[in-house]
Amino acid sequence: MESNSHALSPNIDLNEQNDKGSNVNFLDSSFYLTIPRNFVCSHEDLVHTKEELKEPLVDLLGFFRGDYEATRRAVELIRVACLSHGFFQVINHGIDAILIRAAHDHMKAFFRQPLSKKLRVRRKAGTVWGYSGAHNADRLSSKLPWKETLSFGYNGANKGSNKPIVFEYFTSLLGEDYDDMGLVYQHYCEAMEKLSLGIMELLGMSLGVDRSHFRRFFEDGHSIMRCNYYPSCQEPNLAVGTGPHCDPSSLTILHQDQVGGLEVFVHNRWKYVRPRHDALVINIGDTFMALSNGRYKSCLHRAVLNKYSERRSLAYFVCPREDKVVKPPKDLVGAQGLRMYPDFTWSALLHFTQNHYRADASTLESFSKWLLTLQSQVI
C-alpha cells in the first residue's frame, strides 16, 4: 500500500499534539491509542440508547400505481410522523437494490484509498463539495465528528446533458479510472430526485395543499449527495460520528448499512432508528419546516459510533435552487398571515451554516434572527 505522510504514528501522544493546535483531520482508528481531545464530546451527547424509534413504515407501491386508498394511508402515516418528529421509512420506493449496492461498494472502495488520492477531491473551506476527514475540521476546533465524507452536487436540470454533472465531477477530478463510480452516482442521484419529487407530492397532500405545489418548487432543485464513512472507534463513549443537529436542507433520504448508529431525539429521549436493508430513512429538514410554516418538524438526530464495526451511509439532501425564495403557501399561513419564519433563499441558509453557525437544534431560529438583523442594517 502507498505510504501516507499524514498518518499518525501510534507512538505519538495525540492529545499533546492537539494541545499545540494541530487539528487531526485524518481518521484511521488503527493509529489511535486514545481519542484526540478535539474529538471528545460532552457527556450529554454520548449517552447511547437501547430504545427503538417506532417511526412509521410507509409503503409507496400503491402511491406509484395510483391506488387512492393506499395513497391515503401513506399520506396519513407521513402526516403523523411529521407532526411528531419528522422521521419515517419508506419501502417499495422504486430504487433498484443493485444500484444501492453498487453505490455502497464504490463508497467503500473510495474511503479505503490512500489519503493522497482522496485529497485530490478535498473539500474547500466554505463549500460543501468534496472529501473531508473529520468533517468540517477546517472551521471547527472541538467536538469534531469521527467520520470521513465525500459530498457532491446534483442538478436535475442537467439531466440528459452531454456532460452529466455527477459523472463529470468524478472524471474531471479523479480521471477515467472513476468512470464507473461517476456513472453509478449519476444514476443514484437521478433515482433519488425522482423519489424525492414523489415524496414532495405526498407531503403536499398531507399538509392539505395542492399536491403538485412542493413538487414544482423542487423540480429545478440543486441537491447534495453525501457518502458518510464512520470508522470503528476504540472509545465510542467519548466521541460521536455526527453530533446532534437538524439538517438545514429540505428533506434527507438516507440508506444506512446494517451496522446502525442513527439516533433521533424524541420526547426528551434518544431513540435509535433500526436499519432495514429494503427501506430508506426520510427526515424533514429546516428548509421544509419553513415551507410548512413550522407545522412539520425538523428533528434533532445524531450518529453514534461502534467499537467493533465501521459504518457507512448514503445521504441525499433535497434542496431547492439556490436563489429560490423559501416561503410557505398561502394555505399554510392562514387568514391572519402569521409567519413563523422570514422569507429566505437556500443559498443564504447554506452560507450561514457553512460560515457562521454549527448546525444544531436551533439552526433555523438562529438563522432567522441573523437574517432579520442583516436586513435591518440594510434598511
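A donor-acceptor distance shorter than 3.5 angstrom exists from the side chain of His93 to the backbone of Asp278, with no hydrogens or angles considered. For Thr345 (side chain) and Ala348 (main-chain N/O), a donor-acceptor pair under 3.5 Å exists by modelled atom type. The backbone N or O of Cys319 lies less than 3.5 Å from a partner atom in the side chain of Ser223, making a donor-acceptor pair. Within the 3.5 Å criterion, the main-chain N or O of Thr363 finds no donor-acceptor partner in the side chain of Ser366. Between the side chain of Asp257 and the backbone N or O of Val259 there is at least one donor-acceptor pair closer than 3.5 Å. The backbone N or O of Glu201 sits nowhere less than 3.5 Å from a side-chain atom of Arg215 that would complete a donor-acceptor pair. Although no hydrogens or angles enter the test, the distance criterion places no donor-acceptor pair under 3.5 Å between the side chain of Gln113 and the main chain of Lys118. Put simply, the side chain of Ser151 never gets that close to the backbone of Arg226: no donor and acceptor are under 3.5 Å apart.
The aromatic rings of Trp370 and His356 lie tilted to each other, with the angle between the two planes from 30° to 60°. Under the 30°/60° scheme for interplanar angles, the aromatic rings of Tyr357 and Phe352 are found to lie parallel. Between Tyr154 and Tyr316, the ring planes lie tilted relative to each other; the angle falls in the 30° to 60° range.
Using a 4.0 Å cut-off between a side-chain N of Lys or Arg and a carboxylate O of Asp or Glu, Asp220 and Arg321 qualify as a salt bridge. A salt bridge links Glu69 with Arg72: at least one charged nitrogen is closer than 4.0 Å to a carboxylate oxygen.
Between Arg311 and Ala303, the shortest heavy-atom contact is NH1-CB, 3.8 Å. In this structure, Asp286 and Cys246 approach most closely via the heavy-atom pair OD1-CB, 3.7 Å. Considering every non-hydrogen atom in both Ala103 and Tyr185, the closest pair reads O-OH, 2.6 Å. Contact record, Leu305 with Trp146: CD1-CB, 3.6 Å, taken as the closest heavy-atom pair. Smallest separation of non-hydrogen atoms from Val273 and Gln256: O-NE2, 3.3 Å. Minimum heavy-atom separation, Phe344 to Ala290: CE2-CB, 3.7 Å.
Each of Arg276, Arg101, His104 was compared with His255 under the side chain to side chain donor-acceptor pair (under 3.5 Å) criterion, and only His104 meets it. When each of Val264, Thr252, Val90, Leu262 is tested with Val281 by the rule side-chain contact (heavy atoms from CB on, under 4.5 Å), just one qualifies, namely Leu262. Under the side-chain contact (heavy atoms from CB on, under 4.5 Å) rule, Val75 has a single partner from Thr71, Ile78, Leu77, which is Thr71.
Within 6.0 Å of NZ on Lys324 lie more than 12 heavy atoms contributed by other residues, nucleotides or ligands.
The CG atom of Asp59 sits 4.5 Å away from the CD1 atom of Ile91 when rounded to the nearest 0.5 Å. In this structure, the separation between NE2 on His277 and CD on Gln258 is 7.0 Å, given to the nearest 0.5 Å. Considering NZ of Lys330 and NE2 of His213, their distance stands at 11.0 Å, rounded to 0.5 Å. To the nearest 0.5 Å, atom SG of residue Cys299 and atom CE of residue Met289 are 10.0 Å apart. A distance of 12.5 Å separates CD of Gln186 from CG of Asp179, quoted to the nearest 0.5 Å. Note that CZ of Phe167 is 5.0 Å distant from CG of Leu183, once rounded to the nearest 0.5 Å.
Within the 4.5 Å cutoff, the side chain of Lys307 has heavy atoms near those of the Gln234 side chain. With a 4.5 Å cut-off on side-chain heavy atoms, Tyr272 and Glu263 count as touching. Counting only heavy atoms from C-beta outward, the side chains of Val318 and Met200 approach each other to under 4.5 Å. With contacts defined as side-chain heavy-atom distances shorter than 4.5 Å, the pair Thr242/Lys147 qualifies. Using a 4.5 Å heavy-atom cutoff, the side chains of Pro329 and Leu332 are in contact. Looking only at side-chain heavy atoms (C-beta outward), Phe218 and Leu197 come within less than 4.5 Å of each other. In this structure the side chain of Ile282 never reaches within 4.5 angstrom of the side chain of Val58, judged on heavy atoms. Residues Leu60 and Leu202 meet the side-chain proximity criterion, which asks for heavy atoms closer than 4.5 Å.
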* To do: Quick one: do Arg216 and Asp210 satisfy side chain to side chain contact (heavy atoms under 4.5 Å, CB included)? Show the steps, please.
  => CA-CA 10 Å; Arg216 291 196 306 269; Asp210 186 328; 4.2 Å; yes
May I have the step-by-step check of side chain to side chain contact (heavy atoms under 4.5 Å, CB included) for Tyr229 and Met107, ending in yes or no? CA-CA 8 Å; Tyr229 168 56; Met107 172 169 50; 5.5 Å; no
Practice problem: Take Leu207 and Arg295, measure what side chain to side chain contact (heavy atoms under 4.5 Å, CB included) needs, and give me the verdict at the end. | Solution: CA-CA 9 Å; Leu207 284 164; Arg295 295 193 186 188; 4.3 Å; yes
Steps toward side chain to side chain contact (heavy atoms under 4.5 Å, CB included) verdict (Asn293, Arg339): CA-CA 6 Å; Asn293 204 28; Arg339 291 284 304 277; 4.2 Å; yes
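Taking hydrophobic clusters as Ile, Leu, Val, Met, Phe, Trp and Tyr residues chained together by side-chain heavy-atom distances below 4.5 Å, Phe64 shares a cluster with Leu99. Both Ile253 and Val184 belong to a common hydrophobic cluster when Ile, Leu, Val, Met, Phe, Trp and Tyr are linked at side-chain heavy-atom distances under 4.5 angstrom. A single hydrophobic cluster is not seen to contain both Leu254 and Phe317; linkage of ILVMFWY side chains at heavy-atom distances under 4.5 Å, directly or through other members, places them apart. Tracing side-chain contacts under 4.5 Å through hydrophobic residues (I, L, V, M, F, W, Y), one never reaches Leu300 starting from Phe87; they form parts of separate clusters. In this structure, Leu53 is not a member of the same hydrophobic cluster as Val80, with clusters built from ILVMFWY side-chain heavy atoms closer than 4.5 Å.
Ring-centre distance between Trp129 and Tyr169: below the 6.0 Å cut-off. A centroid separation of 6.0 Å or more is found between the aromatic rings of His267 and His85. Ring-centre distance between Phe288 and Phe214: below the 6.0 Å cut-off. With ring centers used as reference points, Tyr178 lies 6.0 Å or more from Phe110.
For the residue pair Asn228 / Ser313, a side-chain donor-acceptor distance below 3.5 Å is found, with atom types taken as modelled.
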